[in-house]
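Taking it in order: structure first as C-alpha cells, then the write-up.
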Amino acid sequence: MNKKTIIRTFEKIALYMELLGENHFKVAAFRKAASVLELDPRSLSEMDDILTLKGIGKGTGAVITDLMENGTSEVLKELEDKVPKGLIPLLNIPGLGGKKIAKLREALNIDSVESLQAACEKQEVSKVPGFGKKTEENLLREIEILAQRSGKTPIWQVAKIADAVEAELQLIDEIQKYQVAGSFRRREEESSDVDWIVVTEQPKAVKEKILAALPIEKIIAAGDAKLSISLDTEHPIDADFRFVTEDQFATALHHFTGSAAHNVRMRQLAKSRKQKISEYGVEDKSGQVQTFSSEKEFFAHFDLPFIPPSIRKDGTELDRADEIAQLVTPEQIRSDLHMHTTWSDGGYSVEEMVEACRAKGYSHMVITDHSHYLKVANGLTPERLLKQIEEIRAVNEKYDDIEVFCGTEMDILPDGRLDFDDEILKQLDFVIASIHSSFNQPQEQIMERLYAACKNPYVHMIAHPTGRIIGQREGYNPDIDQLITWAGEYGKILEVNASPYRLDLRTEHLIQAKNAGVLIAINTDAHATEQLDIMPIGVEYAQKAWLPAEQVINTWPLETFIEKVIRR
DNA sequence: GCCGTTTTCGGCCCGACTGTTTTCAGTCG
C-alpha cells in the first residue's frame, strides 16, 4: 500500500458520492482528506500519525485502515457496485453536477453520455421535473462539443489568445483598465479558461462591445457583473470578464486570480477575525465594506506580505509568508544569458540584441548562437564562431553601460561527444550545452550525453534540461535526480527556460534543484528582440519552486558574475 | 464527513447566472 493509492481512493469515493448527489460537504471531506495526504511531504511509512492528521476523521480513517489491512476499500467497492462507471464522464458536461445526474438516473435510468444523448433526442429529459426544453437543447450541444474539445490549453497558446483579446479591450473607451487574472496570471502550465477583471462604470456598453469585437462560439452567461463566452479561436477556450468599479478592482483581482484553495484560506483567515472577503471588498461585523487600492494593501490588511500570484496555490503559502521576501522577482533580473542572433537562427544582429538588452537595463548579457551540428539552425562552425567572437568583442567596446559576453549554445551530439573541442571552448566566456537531437534514445544514453557535458570543465550551464514543449512533447526524459546530483558535483548551472513553450526545469524538479543548492539561471532563449520580454514569465514560473534570488545567477551583479561564473 | 480559545451541534468561502420556477436550486469559478 502506498500513499498515492489512498489518495486516489479518496478521490474516487468523492467522485462516486458526487454522482449519487450526496451532501457536498461530505464529498468535500473526502477531497480534503486526499489533499491533506497529498500535501504532506512524508511517505506513508513515515506517517505514524496518519489517523490523527487534521482532516482525517472516523470515516476517512476507517478507509485508510481498510486499505492498509486488506489492500482494498469496502466503502469504494460498495460505491462502485452502486454507480455505473459510464456516469463519470457526465460530470464533464457543463451544467451537469451530481444532483442533476442523480435525478436523471432516477427518472430515466441514464447511465452514460450515450444514454443521455438518446434521452435528449427522444425529448424525455425535458419532462423530468427541474429540467426544461432549454436544458435539453443545451445538453445535446454540450455533448457534441465535449466530443471535439480536449482538455486544457497550454500557457503559450493562452498567451497568444490573451494578447489578441487585450488588443480589442484596449480599443473600448468605456474600459478604464483591465487585467488578466486566473490560472494564466498564476503562470500555470495549462489553463481551462482565461479571466479578465475589467474596470468600468458602464458594464452594459462594455459587454456589448466585447461581444461585437471577439470571435464567439457560444455565450455561456451574460449578466451585468459578468460575461462568460467560448472563444472561437484557433484553439477554442472559454473567457470570463468581470465588470467592477475602480475601488473593487484589488479585491476582484485577488478573488479571480485564485487559486480556489488560496481564496478559501484567505476567507477562513478573515472569518477568524469576524470579517468576510468577497470580490467586492472586506466586510466587517457591522456590514461596513472596506476596499483597497492594491492587492498589496489587501494582503497588508491581513498582516501578510504581497503574495505573488504564481505561489497562490494550496493555501500553505500563508504559512510561509516570512519566506516571501527572499523570493526571486522579475525586477531583480540583471542579465539574460541565452539568446540567438542572425549568425544562427535568430532574427536580429548582435548589435540589435545588445541595444534591446540595454533598453531592459541589464548590466550584462551573453550571445549564445547554435553550434554547427544543428544545421537546420545554421549553427556556427569553429571558424565562424571565432569570427563571431571578434564581432562581439568589437560591439562590446562600443558600450560602457553593458557587458556583452561571448558564448555558445553547443549541441551535445547523439553519440555523447560535444560539438566543439576544448581548444575552441576555452576562448568563450560562457558555454551552454544542450540536447537538440535523438530525443528517443533510452534514458541511459541520454544520461551519458548529459554526463559528458557535466564533466567538461568548460561547460557552464545545461539548457532546457528536459527538452519538453508544454502540451506537445514530453522531451527526452532524463533522470533529473542524477542530473541535479552531477550539477552539484561539477558546479554546473541548470536553466529555467523562460519561453512559455518550454518552462523547464519544471516546478517539481526545480524544487529538488533548489534543495540541492544547485545554481539556476533563468533565460529567454530569445530568437528576436521582442522575445526578451518573456523574462518575467520565467521568473514568475520559478517562484513556484520558492526559489530565492541569491540562487538565481541572473540576479547577480556583473562583478559577482565575472568572479563566480566566468573566472571560476 | 470533519471540526471546536464562544460550540459535541451546526456550521463548512462567497457570489453570479441560468433555467426552472412562481421564490429558488444547481452549477460554476
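We name chains A, B, ... by the order of the sequence lines, and we start the count at 1 in each one. Quick caveat, the model's predicted, so the values are computed rather than measured.
- Side-chain proximity of Asn23(A) to the nucleotides dC13(B), dT6(B), dG1(B) is greatest for dG1(B).
- Checked for salt-bridge contact, Arg242(A) and Glu279(A) meet the test: a charged N lies under 4.0 Å from a carboxylate O.
- Here Ala225(A) lies in heavy-atom contact (under 4.0 Å) with sugar-phosphate atoms only.
- A distance of about 25 Å separates the P atoms of dC28(B) and dT23(B), rounded to the whole Å.
- Between Arg42(A) and Asp40(A), at least one side-chain nitrogen of the basic residue sits less than 4.0 Å from a carboxylate oxygen of the acidic one, meeting the salt-bridge criterion.
- Comparing dC14(B) with dC9(B), their C1' atoms sit 23 Å apart, to the nearest whole Å.
- If you measure from atom CG of Asp240(A) to atom C1' of dC28(B), you get 9 Å, rounded to the nearest angstrom.
- Between the C1' atom of dC28(B) and the CG atom of Leu91(A) lies a distance of 13 Å, rounded to the nearest Å.
- OP1 or OP2 of dC13(B) has not a single side-chain nitrogen or oxygen of Tyr280(A) nearer than 4.0 Å.
- Taking atom P on both dT27(B) and dT21(B), the two are 15 Å apart, rounded to the nearest angstrom.
- For the pair Glu189(A) and Lys152(A), the salt-bridge criterion is not met [side-chain N within less than 4.0 Å of a carboxylate O].
- The six-membered or imidazole ring of Trp156(A) lies near that of Tyr501(A), with a centre-to-centre distance under 6.0 Å.
- Note: CD1 (Ile277(A)) to C1' (dC12(B)) measures 16 Å, nearest angstrom.
- dT5(B) sits 24 Å from dG1(B) when the C1' atoms are compared, rounded to a whole Å.
- The separation between Lys99(A) atom NZ and dT20(B) atom P is 18 Å, rounded to whole Å.
- Of the two residues contacting DNA chain B, namely Gly55(A) and Lys133(A), the nearest-nucleotide position lying further toward the 5' end is that of Gly55(A).
- Residue contacts for Ala222(A): at a heavy-atom cut-off of 4.0 Å it reaches the sugar-phosphate backbone alone, with no base atom in range.
- Nucleotides dG26(B) and dT22(B) have their P atoms positioned 13 Å apart, rounded to a whole Å.
- Distances were taken from every side-chain heavy atom of Lys276(A) (C-beta onward) to each of dG26(B), dG19(B), dC14(B); the shortest belongs to dC14(B).
- No engagement by Phe256(A) is indicated, since no non-hydrogen atom pair under 4.0 Å with the nucleic acid exists.
- At a threshold of 4.0 Å, the pair Glu188(A)-Lys544(A) counts as salt-bridged, since one of the basic side-chain nitrogens sits closer than that to a carboxylate oxygen.
- For the pair Asn138(A) and dG19(B), the criterion of a side-chain N or O lying under 4.0 Å from OP1 or OP2 is met.
- Within 4.0 Å of Ile93(A), counting heavy atoms only, lie sugar-phosphate atoms of the nucleic acid but no base atom.
- Base orientation at dT5(B) is anti, since its O4'-C1' glycosidic dihedral falls outside 90° of 0.
- Distance His24(A) NE2 to dG10(B) P: 18 Å, rounded to the nearest Å.
- Here the separation of dC17(B) from dC13(B), taken at their P atoms, is 22 Å to the nearest Å.
- Side chain of Lys58(A), nearest nucleotide from dA16(B), dC13(B), dC2(B): dC2(B).
- Of the candidates dG19(B), dG1(B), dG26(B), dG26(B) carries the atom nearest the Lys103(A) side chain, counting heavy atoms from C-beta on.
- Of the listed residues (Leu90(A), Leu108(A), Leu87(A)), just one forms a side-chain contact (heavy atoms from CB on, under 4.5 Å) with Leu116(A), and that residue is Leu90(A).
- Contact annotation for Leu53(A): backbone-only contact, meaning every heavy-atom pair under 4.0 Å involves sugar-phosphate atoms and none involves a base.
- Between Thr60(A) and dC2(B) there is a side-chain polar atom (N or O) within less than 4.0 angstrom of OP1 or OP2.
- One C1' atom belongs to dG11(B), the other to dA16(B), and the distance between them is 23 Å to the nearest Å.
- For Glu279(A), the side-chain atoms get nearest to dG15(B) when compared with the rest of dG26(B), dG29(B), dG15(B).
- Using bins of under 30°, 30° to 60° and over 60° for the plane-to-plane angle, the ring pair Phe298(A)/Phe292(A) lands in the perpendicular bin.
- Of all nucleotides listed (dG15(B), dC17(B), dG4(B)), dG15(B) comes nearest to the side chain of Ser278(A).
- Closest to the side chain of Lys100(A), out of dA16(B), dG26(B), dC12(B), is dG26(B).
- With respect to Glu174(A) and Lys209(A), a salt bridge is recorded, a charged nitrogen being found less than 4.0 Å from a carboxylate O.
- Using the Watson-Crick or G-U wobble rule with both distances under 3.5 Å, dT8(B) pairs with nothing in any strand shown.
- Backbone-only engagement by Pro94(A) is indicated by non-hydrogen atom pairs under 4.0 Å involving sugar-phosphate atoms exclusively.
- The CG-P distance, from Asp238(A) to dA16(B), rounds to 20 Å in whole Å.
- To the nearest whole angstrom, the two C1' atoms, one in dG10(B) and one in dG15(B), are 22 Å apart.
- Lys32(A) comes within contact range of no nucleotide atom at all, as no heavy-atom separation falls under 4.0 Å.
- Following rounding to the nearest Å, Asn263(A) (CG) and dA16(B) (P) show an atom-to-atom distance of 15 Å.
- Nearest to the side chain of Phe30(A), among dC13(B), dG29(B), dG1(B), sits dG1(B).
- Between Thr135(A) and the phosphate of dT20(B), there is a side-chain N or O to OP1/OP2 separation shorter than 4.0 Å.
- Look at CZ on Arg242(A): it is 7 Å from C1' on dG15(B), rounded to the nearest Å.
- Residue whose closest nucleotide on DNA chain B sits further toward the 5' end, between Ala221(A) and Gly130(A): Ala221(A).
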